[in-house]
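A quick note: this is a predicted structure, and the numbers were derived from the prediction, not measured.
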Amino acid sequence: MILFGRRSAIRLHLFISLLGLSIASCANNPAAERWFAPDPELQESPNVVISPVQPSPEETTAQLPNNFPEAIPRYPDAELVESELRSAEEGTVTRWQTGDPPAAIAAFYEKEFKEKNWEIVPASVPAAEAAEEEETEQAEEETRTLAVRQQDLEVTLSIPPKPASEDDSTFEIRYNWDRDLAEAETETPSPASPTTTEMSDSAQIPESAQESVEALAALGVFSENSPFEPDKTVTRAEFARWLVAANNALYANTPGKQIRLVPNPSQPAFKDVPKTNPNFAYIQALAEAGLIPSPLSGDASAALFQPDAPLTRENLVAWKVPLDTRQGLPKATLEDVQKVWGFQDTAKVNPLALRALLSDYQNGEQANVRRAFGFTTLFQPKKPVTRAEAAMTLGYFGYQGEGVTAQEAVLVNE
């Protein structure tokens with residue numbers, strides 16, 4: 001290049017930029033990198049291939065695992081950073097961050113675990129991490145660790161000290177189910193039931209809902225560590241969580257049918273569901289997917305979600321049916337719904353639910369109305385839905401013969 005420069009000094013300046021780009025295009029050649037030191041300015045060139053190791057925050061938004069137990073307390077204002085399903089033995093690890101100090105995080109969980117009667121157990125460390133922890137013994141002494149258990153669910157909370165250079169604190173929640181304990185408690189499961197779990201008040205669950213409740217509990221949709229209370233009214237927020245969790249559990253191997261959780265959106269869909277609400281990610285996900293009315297779908301009148309209000313029958317049908325059909329709902333009039341269902345109170349149904357009711361009828365014996373409420377000539381659209389009725393609808397997703405049951409999903413996961 002020196003000889004060439006001497007012969008063409010006038011042209012050297014014109015070629016220098018093109019020559020620089022050529023060298024940059026070889027930046028990934030290890031041999032070239034050893035012989036030619038890259039110019040720092042050329043490394044900033046947009047033509048250099050940069051490894052996508054650090055994508056933008058929008059691309060790395062972590063999603064809460066589908067099997068995250070409802071029984072585990074959620075720290076207010078904490079943001080999920082990442083989650084990792086390691087193995088059946090090590091369980092799932094979720095990492096969180098918050099602007100609060102480590103002492104506040106520890107105090108919150110100690111209080112929550114105590115009030116909810118969790119049993120404190122010795123913290124278990126996976127063998128894969130034992131060697132690493134031996135090398136960082138001094139740092140580990142400063143890390144707050146608390147291990148607790150409820151029945152066969154074991155949770156380990158780890159809160160490392162906050163570095164002086166960091167603004168946020170981080171903490172880790174590891175959880176897994178003690179399968180040996182679960183199997184010991186159910187040594188002879190019934191051949192008719194694919195699940196080895198049983199709600200503490202299972203005797204009170206109607207027989208028609210028994211299999212759905214047990215299977216959904218085994219999939220992590222319901223908490224296995226507390227009474228199910230089948231006759232209790234389900235709230236709108238509670239059903240939103242169940243609906244997303246059940247859909248994603250039954251379609252665990254079909255990403256295209258899953259509802260994407262939105263734990264940290266730029267703008268909450270509802271004024272009365274802040275990010276601190278434990279069911280925020282699920283409610284926001286339904287709104288983002290257009291499955292429930294919200295300002296995101298152009299319905300300015302739906303600015304409030306009313307999370308603690310009872311779920312009504314027309315709410316249930318309007319939210320659930322689109323996840324059965326997986327297609328646009330047909331136009332429907334009062335006369336159309338009255339003709340097929342024969343409800344005496346069709347005129348009381350919200351117009352938004354009429355289309356869902358018409359599609360639900362076309363689902364035959366798998367219609368949500370038939371499975372949850374049986375034969376009836378009164379729909380009673382504003383009547384609150386019980387937890388058992390909700391479970392009946394969540395035990396099956398599908399349309400006109402093509403679908404999946406919660407029991408089938410449990411067998412696939414075994």
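Side-chain contact between V385 and N315 is absent, with no heavy atoms from C-beta onward closer than 4.5 Å. A heavy-atom distance below 4.5 Å is not found between the side chains of L311 and P384. The shortest distance between side-chain heavy atoms of D272 and P307 falls below 4.5 Å. Side-chain contact between V349 and V337 is absent, with no heavy atoms from C-beta onward closer than 4.5 Å.
The two residues P102 and I159 come nearest to each other via the heavy atoms CB-CG2, 3.7 Å. For the pair P381 and T312, the tightest heavy-atom approach, listed with the atom from each and the gap, is O-CB, 3.4 Å. Listed here is the closest heavy atom pair of D299 and P293: OD2-CB, 3.7 Å. Contact between I283 and A237 at its shortest, heavy atoms only, is CD1-CB, 3.9 Å. Across every non-hydrogen atom of P268 and V273, the tightest pair is CB-O, 4.1 Å. Closest approach of I105 and Y75 over heavy atoms only: CA-CE1, 3.7 Å.
Remark: the W96 side chain and the T94 side chain contain an N/O donor-acceptor pair separated by less than 3.5 Å. A donor-acceptor pair shorter than 3.5 Å can be found between the side chains of D324 and N368.
Between the side chain of R95 and the backbone N or O of T170, no donor-acceptor pair lies under 3.5 Å. Judged by distance alone, the side chain of S169 and the main-chain N or O of K162 form no donor-acceptor pair under 3.5 Å. A donor-acceptor distance shorter than 3.5 angstrom exists from the side chain of D336 to the backbone of T333, with no hydrogens or angles considered. Remark: side-chain polar atoms of Q97 are not paired, donor with acceptor, to backbone N or O of D168 under 3.5 angstrom. Side chain of Q366 to main chain of N363: no donor-acceptor pair is present (N/O by atom type, distance under 3.5 Å, no hydrogens or angles). Remark: the backbone N or O of A252 is paired with a side-chain donor or acceptor of Q258 at under 3.5 angstrom. A donor-acceptor pair is defined here as one N or O able to donate and one able to accept, closer than 3.5 Å; such a pair exists between the side chain of E408 and the backbone of T405. Remark: the backbone N or O of T156 is not paired with any side-chain donor or acceptor of R174 at under 3.5 angstrom. Between the side chain of D360 and the backbone N or O of A367, no donor-acceptor pair lies under 3.5 Å. For R241 (side chain) and N279 (main-chain N/O), no donor-acceptor pair under 3.5 Å exists by modelled atom type.
By the 4.0 Å N-to-carboxylate-O rule, E238 lies close enough to R387 to be salt-bridged with it.
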Do L286 and L243 pass the side-chain contact (heavy atoms from CB on, under 4.5 Å) test, and can you show the C-alpha distance, the side-chain angles, and the key distance before you say yes or no? CA-CA 9 Å; L286 291 175; L243 181 61; 4.1 Å; yes

Please step through side-chain contact (heavy atoms from CB on, under 4.5 Å) for the pair R74 and F68, ending with a clear verdict. CA-CA 11 Å; R74 298 276 295 278; F68 191 82; 3.7 Å; yes

Walk me through it: do F379 and T346 pass the test side-chain contact (heavy atoms from CB on, under 4.5 Å)? CA-CA 7 Å; F379 181 54; T346 306; over 6 Å; no

Working for side-chain contact (heavy atoms from CB on, under 4.5 Å), residues L323 and I259: CA-CA 10 Å; L323 289 172; I259 302 173; 3.9 Å; yes

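Using a 30° and 60° split on the angle between ring planes, W242 and F222 fall in the perpendicular class, above 60°. Ring geometry for F343 versus W341: interplanar angle under 30°, hence parallel rather than tilted (30 to 60°). F305 and W319 have parallel rings, their planes meeting at less than 30° on a 0 to 90° scale where 60° marks the start of perpendicular.
Taking CD from E112 and CD1 from I72, the interatomic distance works out to 12.5 Å, rounded to the nearest 0.5 Å. Distance check, rounded to the nearest 0.5 Å: CG of L334 to NZ of K348 gives 13.0 Å. Rounded to the nearest 0.5 angstrom, K320 NZ and L291 CG are separated by 11.5 Å. Between the CD atom of E389 and the CZ atom of R371 there is a distance of 12.5 Å, given to the nearest 0.5 Å. Considering CG of N248 and OH of Y282, their distance stands at 8.5 Å, rounded to 0.5 Å. The structure places OG1 of T325 at 12.5 Å from CD of E402, a figure rounded to the nearest 0.5 Å.
Within the structure, side-chain hydrogen bond (donor to acceptor under 3.5 Å, both in side chains) pairs that include any residue of residues 288-297 comprise Q284-E288 (at least two apart or interchain).
D77 pairs by the side chain to side chain contact (heavy atoms under 4.5 Å, CB included) definition with T276, not counting sequence neighbours.
Heavy atoms from other residues, nucleotides or ligands lying under 6.0 Å from CG of L378 number more than 12. The environment of K382 atom NZ is dense: over 12 non-hydrogen atoms of other residues, nucleotides or ligands sit within 6.0 angstrom.
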Under 3.5 Å, which donor-acceptor pairs link side chains of residues 351-358 to any protein atom two or more places apart or in another chain?
unit_1: R355; atom_1: NE; unit_2: P330; atom_2: O; d: 3.2
unit_1: R355; atom_1: NH2; unit_2: L329; atom_2: O; d: 2.7

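Remark: of the listed residues R326, Q327, Q362, Q362 is the sole one forming a side-chain hydrogen bond (donor to acceptor under 3.5 Å, both in side chains) with Y399.
Taking the ring axis of F373 as reference, the NZ or CZ atom of R313 stays within 45° of it and closer than 6.0 Å to the ring centre.
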